[in-house]
Amino acid sequence: MKTYTLREAAKKIGVTARDLKQWEKQFAEWITIPRTSQGARIYTEELINRFRHIQTLLASGRRAHEIAAELKQANEPSAPPEAAVMEGEIIDVPRLLRHGAPYIAEQLAARMKDDIVTALKQETVAVVRQAMDEVKGKLDDIGEQTAAAAETVHRSLRDYKEAWQQKTEQLHEHLETVVAFCHEEKARQEEERKQLEQRILEREKAFRELVLSFRQTATSAVAARTRANKWWKFW
């Protein structure tokens with residue numbers, strides 16, 4: 001008999017695992033979910049069909065108490081069981097009476113052995129599936145955490161890049177301001193130098209004119225004195 005885990009049953013029915021747990025709690029009086037020794041739920045085809053029936057009733061607008069009443073009616077036995085004979089099994093009563101207790105014990109032991117082996121196989125399969133589901137869930141969580149960490153690193157690098165670009169642009173603007181100030185200062189100093197040279201040239205020209213004027217005055221005085229001396233000599 002094939003069994004399913006909680007996630008597999010939810011996927012097979014088309015609902016979430018939370019929905020199955022909620023329905024199990026609401027209709028616990030009429031639906032019992034077997035569990036492994038580790039506590040994992042085991043779902044059979046019969047249980048899956050019951051939950052599908054509950055899903056259909058809920059989709060049709062039935063309320064919880066109405067569904068519970070219908071489950072109660074379905075679980076009531078219609079007739080007492082006639083015999084406790086397994087399907088496909090034929091009990092040979094004369095043979096049992098012929099061989100006596102040892103044969104009965106051997107048959108019961110063989111049947112118990114088969115039942116135990118089948119139960120162990122089912123439990124092993126359920127445990128392995130549950131472990132695989134847990135490992136898969138852990139791997140999914142690790143993948144999500146890795147993706148989140150990668151996104152955080154990428155975001156940090158992007159923010160750092162943007163901050164660095166902004167600081168670089170501010171530095172360029174500052175350097176451009178400094179270069180412009182240097183050019184202006186150089187132009188101002190050059191203008192002051194030209195004005196100073198112009199003043200020096202003007203003062204030099206004025207000095208030359210003054211010297212020339214002094215020379216002309218001195219020459220005129222000498223010439224006048226010479227004329228005066230010549231006049232006395234003439235007389």
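In this chain, residues are counted from 1 in sequence order.
Partners of Gln165 under the side chain to side chain donor-acceptor pair (under 3.5 Å) rule, at least two apart in sequence or in another chain, do not exist in this structure. Residues meeting the salt bridge (Lys or Arg N to Asp or Glu O under 4.0 Å) test with Glu46, sequence neighbours left out: Arg50. Applying the salt bridge (Lys or Arg N to Asp or Glu O under 4.0 Å) criterion to Glu209, with sequence neighbours excluded, gives no partner residue. The salt bridge (Lys or Arg N to Asp or Glu O under 4.0 Å) search around Glu191 returns none, not counting sequence neighbours. Evaluation of the side-chain contact (heavy atoms from CB on, under 4.5 Å) rule for Lys25 yields no partner, not counting sequence neighbours. Annotation: side chain to side chain donor-acceptor pair (under 3.5 Å) contacts of Asn49 (sequence neighbours excluded): none. Judged as a side chain to side chain donor-acceptor pair (under 3.5 Å), and not counting sequence neighbours, Arg7 has no contacts. Scanning for side-chain contact (heavy atoms from CB on, under 4.5 Å) contacts around Thr177 gives an empty result, with sequence neighbours left out. Every residue meeting the side-chain contact (heavy atoms from CB on, under 4.5 Å) condition with Glu204, not counting sequence neighbours, appears here in chain and number order: Leu201, Arg208. The side-chain contact (heavy atoms from CB on, under 4.5 Å) search around Arg41 returns Leu6, Lys21, Glu24, Ile33, Arg35, Tyr43, not counting sequence neighbours.
A salt bridge does not link Lys12 to Glu8: none of the charged nitrogens lies less than 4.0 Å from a carboxylate oxygen. The pair Glu184-Arg188 fails the salt-bridge criterion, with no side-chain N (NZ, NE, NH1 or NH2) lying under 4.0 Å from an Asp/Glu carboxylate O.
Partner Ile13 forms a side chain to side chain contact (heavy atoms under 4.5 Å, CB included) with one of Ile54, Asp19, Leu20 and no other, that one being Leu20.
Atoms NE2 and CG, on His53 and Leu71 in that order, are 6.5 Å from each other to the nearest 0.5 Å. In this structure, Thr146 OG1 and Ile142 CD1 are separated by 7.0 Å, a value rounded to the nearest 0.5 Å. The distance from atom CD of Gln189 to atom NZ of Lys186, rounded to the nearest 0.5 Å, is 10.0 Å. The distance from the CD1 atom of Ile48 to the OH atom of Tyr4 is 5.5 Å, given to the nearest 0.5 Å. Separating the CZ atom in Phe51 from the CG atom in Leu58 is a distance of 11.0 Å, to the nearest 0.5 Å.
Considering only heavy atoms from C-beta on, Thr44 stays 4.5 Å or farther from Pro34 through its side chain. You'll find the side chain of Glu190 reaches within 4.5 Å of the side chain of Arg193, heavy atoms only.
Residue pairs meeting the salt bridge (charged side-chain N to carboxylate O under 4.0 Å, His left out) criterion with at least one member in residues 152-176, sequence neighbours excluded: Glu151-Arg155. Residue pairs meeting the side-chain hydrogen bond (donor to acceptor under 3.5 Å, both in side chains) criterion with at least one member in residues 54-66, sequence neighbours excluded, are Arg62-Glu70.
The minimum heavy-atom distance between Ala10 and Ala17, with the atom names listed, is CB-N, 3.7 Å.
In the displayed structure, Arg199 atom CZ is contacted under 6.0 Å by at most 12 heavy atoms of other residues, nucleotides or ligands.
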Test log, rule side chain to side chain contact (heavy atoms under 4.5 Å, CB included), inputs Ile31 and Trp23: CA-CA 9 Å; Ile31 297 179; Trp23 295 346; over 6 Å; no
